[in-house]
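First up is the structure itself, then whatever we jot down about it.
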Amino acid sequence: MLTKKQIEFCLETIGDMFPDAECELVHDNPFELVIAVALSAQCTDALVNKVTKTLFQKYKKPEDYLAVPLEELQQDIKSIGLYRNKAKNIQKLCKMLIEEYGGEVPRDRDELVKLPGVGRKTANVVVSVAFGVPAIAVDTHVERVSKRLGFCRWKDSVTEVEKTLMKKIPESEWSATHHRLIFFGRYHCKAQRPKCEECPLFSLCREGQKRYKKGLVKLP
DNA sequence: CTCCCGATAT
DNA sequence: ATATCAGGAG
């Protein structure tokens with residue numbers, strides 16, 4: 001586990017590497033964001049954007065998703081994967097929005113989590129990106145980066161990772177830091193071929209040291 | 001814990 | 001051929 005000072009140094013460095021990190025899911029309003037994030041489970045943002053580009057032209061409002069048979073919606077999002085669950089969730093979600101939320105996306109995290117296909121991570125993305133509420137959505141990248149660097153313990157659940165990060169990062173920095181961690185994980189500290197050789201955090205990274213001992217990292 | 005699942009990188 | 005991708009539900 002890194003000290004609070006070390007974590008601050010890491011976040012500052014990562015901020016210098018990705019100063020303008022932001023949400024990469026293309027959307028025009030909170031409703032489109034909810035759909036995009038729900039679709040993004042176990043799938044790349046790039047692929048979600050490819051699908052929503054045409055999807056959002058065909059479906060504008062919750063009513064539009066309910067106006068077609070389930071099978072048609074499935075076909076429209078098939079290339080994303082997990083498409084049967086996602087199509088069903090989207091139709092149920094739209095039904096709930098209409099019947100219980102006046103057709104609008106709720107601004108409250110606890111209400112968002114009640115929507116089918118929307119868990120803690122998705123709700124955090126929506127309140128943060130769409131409504132400007134401070135939040136840290138712990139996705140696969142944030143979890144991996146936090147554990148590799150030693151922001152938290154290896155066995156921590158995503159809930160524990162989120163609590164730890166919220167405790168060690170000032171609230172005003174939650175949303176920006178969260179996006180920087182995602183960019184760092186997506187483009188630098190990648191799951192399959194992390195760029196340890198050119199990483200400014202290598203010397204204090206627990207995973208980096210482990211990889212070095214294994215001979216996986218060749219220093220210049 | 002398992003299942004859902006196609007696209008892409010390695 | 002296998003690992004991974006802005007996870008969530010049962």
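Since the model is a prediction, treat every value here as computed from it, not as a measurement. Letters A, B, ... are given to chains in the order of the sequence lines, protein chains preceding strands, and every chain is numbered from 1.
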Would one find a side-chain N or O of [X] under 4.0 angstrom from OP1 or OP2 of [N]?
X	N	result
A:S40	C:dG7	no
A:R193	B:dT10	yes
A:K190	B:dT10	yes
A:R186	C:dA6	yes

Please work out if [X] contacts a base, only the sugar-phosphate, or nothing of the nucleic acid, heavy-atom cut-off 4.0 Å.
X	answer
A:K50	sugar-phosphate
A:L115	sugar-phosphate
A:A137	nothing

For A:R144 and A:C189, indicate whether the former's side chain and the latter's backbone hold a donor-acceptor pair under 3.5 Å.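 Yes, A:R144 side chain to A:C189 backbone: donor-acceptor pair under 3.5 Å.
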
Could you tell me whether A:K163 and A:D156 make a salt bridge, using a distance below 4.0 angstrom between a side-chain N and a carboxylate O?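 The answer is no: the pair does not qualify as a salt bridge.
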
Of the nucleotides C:dA6, B:dG6, C:dT4, which has the atom closest to the A:K78 side chain?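 Nearest listed nucleotide: B:dG6.
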
Identify which nucleotide among B:dG6, B:dT10, C:dA6 has an atom closest to any side-chain atom of A:Y83, counting heavy atoms from C-beta outward.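 Minimum distance to the A:Y83 side chain belongs to B:dG6.
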
Inter-nucleotide P distance (B:dT10, C:dA6), Å rounded: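 Each nucleotide's P atom is 13 Å from the other's.
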
Expressed in whole Å, how much space separates the C1' atoms belonging to B:dC5 and C:dT2?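 Taking atom C1' in both B:dC5 and C:dT2, they lie 15 Å apart.
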
Euclidean distance, atom NZ of residue A:K195 to atom P of B:dT10 [Å, nearest integer]: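 Checked: the NZ to P distance equals 10 Å.
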
Roughly how many Å is it from CG in A:D139 to C1' in C:dT4, rounded to a whole number?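 It is 13 Å, rounded to the nearest whole Å.
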
Shortest non-hydrogen separation from A:A38 to A:T122 and the atoms involved: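 Looking at all heavy atoms of both residues, the shortest contact is N-CG2, 4.4 Å.
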
On DNA chain C, compare the nucleotides closest to A:C43 and A:P116; which residue's is nearer the 5' end?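 Residue closer to the 5' terminus by nearest nucleotide: A:C43.
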
Check against side-chain hydrogen bond (donor to acceptor under 3.5 Å, both in side chains), A:E162 and A:N124: CA-CA 10 Å; A:E162 184 185 339; A:N124 274 332; 3.3 Å; yes

